[in-house]
Amino acid sequence: MYALRMITEQATAQVLREALRPIWRQLTAGRTISVGKIGVLAYLSKHGPTSASTLATAEKISPQAIANAVRELESLGLVARTPDEQDRRRIWIELTDAGRERLAQERSKGLDWLEQAIAERLTAEEKKTLDSVVPILHKLVDDAPVD
């Protein structure tokens, strides 16, 4: 029984990955900033100013990679670094207004395609089914352990 369930879960995982891959490609095709940097902007948008170490943990990348990403995003005017008033060794990284605008632009790149595909290719019943699947997909990653 356990082996059968494992095979089924493995098969489901493989099929899901193959179904999501082309969707992800379409959603990210027109982006001008890497997925990792968009992740940094998105985290800052959701959580507000934070430290580089918190960003590295949240985005599951090394402190060096975060430092590089923040430096590049800062050079584009999308984030700002501010020393902590109580502890001058700590630096807060925050999203700028330009960063908020750019994040919205980057996120919207593939959204038009997805909205159109849903509207044109799915029946009303399929749209309902898709709506019911989204919470299940969130459940797969909510509170997932950090690698």
Side-chain angles (χ1 to χ4, degrees), residues 8-147:
T8 302
E9 290 165 354
Q10 183 180 28
T12 299
Q14 289 173 349
V15 168
L16 181 60
R17 180 189 61 207
E18 294 308 312
L20 293 175
R21 184 177 287 146
I23 293 170
W24 181 249
R25 279 194 206 116
Q26 287 287 343
L27 287 172
T28 60
R31 290 187 173 172
T32 60
I33 298 177
S34 72
V35 172
K37 290 184 185 86
I38 289 172
V40 169
L41 296 177
Y43 185 90
L44 293 171
S45 176
K46 183 176 182 179
H47 299 282
T50 192
S51 67
S53 61
T54 300
L55 272 175
T57 300
E59 293 302 306
K60 301 177 184 175
I61 59 176
S62 71
Q64 296 84 358
I66 276 294
N68 289 337
V70 168
R71 203 170 18 260
E72 289 177 33
L73 291 169
E74 186 177 34
S75 74
L76 295 170
L78 305 180
V79 300
R81 292 188 285 181
T82 309
D84 186 292
E85 292 184 17
Q86 280 78 37
D87 182 354
R88 301 301 260 174
R89 295 171 295 176
R90 175 176 247 177
I91 303 292
W92 292 106
I93 302 160
E94 61 186 309
L95 196 58
T96 63
D97 289 341
R100 253 182 266 303
E101 289 176 28
R102 184 70 172 273
L103 177 60
Q105 290 169 358
E106 294 292 320
R107 282 178 163 171
S108 72
K109 299 263 185 199
L111 198 54
D112 292 339
W113 165 82
L114 186 56
E115 289 171 358
Q116 186 175 354
I118 290 169
E120 293 176 358
R121 298 179 186 174
L122 301 183
T123 65
E125 189 63 33
E126 289 169 331
K127 289 175 191 175
K128 277 184 171 179
T129 300
L130 184 59
D131 286 342
S132 70
V133 168
V134 172
I136 296 169
L137 293 174
H138 279 291
K139 190 175 180 179
L140 290 174
V141 293
D142 288 348
D143 301 323
V146 177
D147 293 336

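Counting begins at 1 with the first residue of the sequence. A quick note: this is a predicted structure, and the numbers were derived from the prediction, not measured.
- Counting all heavy atoms, side chain and backbone alike, A98 lies closest to G77 at CB-O, 3.6 Å.
- The backbone N or O of T8 sits less than 3.5 Å from a side-chain atom of T12, completing a donor-acceptor pair.
- Contacts classified as ring-ring contact (aromatic ring centres under 6.0 Å, His included) and involving residues 97-116 (residues at least two apart or in different chains) are not found.
- Distance check: R71 CZ to L73 CG gives 11.0 Å after rounding to the nearest 0.5 Å.
- A salt bridge (charged side-chain N to carboxylate O under 4.0 Å, His left out) check over residues 75-90, counting only residues at least two apart or in different chains, returns the pairs E74-R81, D87-R89.
- For residues 18-27, the set of pairs meeting the side-chain hydrogen bond (donor to acceptor under 3.5 Å, both in side chains) definition, not counting sequence neighbours, comprises E18-R21.
- Taking the side chain as every heavy atom from C-beta outward, L78 and L103 never approach each other to under 4.5 Å.
- Among residues two or more places apart in sequence or in another chain, the side chain to side chain donor-acceptor pair (under 3.5 Å) test is passed with T82 by E94.
- Among pairs with a residue in residues 26-54, those fulfilling salt bridge (charged side-chain N to carboxylate O under 4.0 Å, His left out) read K37-E72, at least two apart in sequence or across chains.
- Legend: residues meeting side chain to side chain donor-acceptor pair (under 3.5 Å) with R17, ordered by chain and number and at least two apart, are absent.
- For residues 102-131, every residue pair satisfying the salt bridge (charged side-chain N to carboxylate O under 4.0 Å, His left out) rule, not counting sequence neighbours, is listed here: R102-E106.
- The side chain to side chain donor-acceptor pair (under 3.5 Å) search around T129 returns none, not counting sequence neighbours.
- I33 contributes atom CD1, which lies 13.0 Å from atom OG1 of T28 (distance to the nearest 0.5 angstrom).
- Not counting sequence neighbours, the partners of A52 by the side chain to side chain contact (heavy atoms under 4.5 Å, CB included) test are I66, I93.
- For Q14, there are no side chain to side chain donor-acceptor pair (under 3.5 Å) partners at least two apart in sequence or on another chain.
- Screening residues 65-109 for ring-ring contact (aromatic ring centres under 6.0 Å, His included) gives no qualifying pairs among residues at least two apart or on separate chains.
- Listed by chain and number, the residues in a side chain to side chain contact (heavy atoms under 4.5 Å, CB included) with T50 are Y43, L44, T54, L55 (sequence neighbours excluded).
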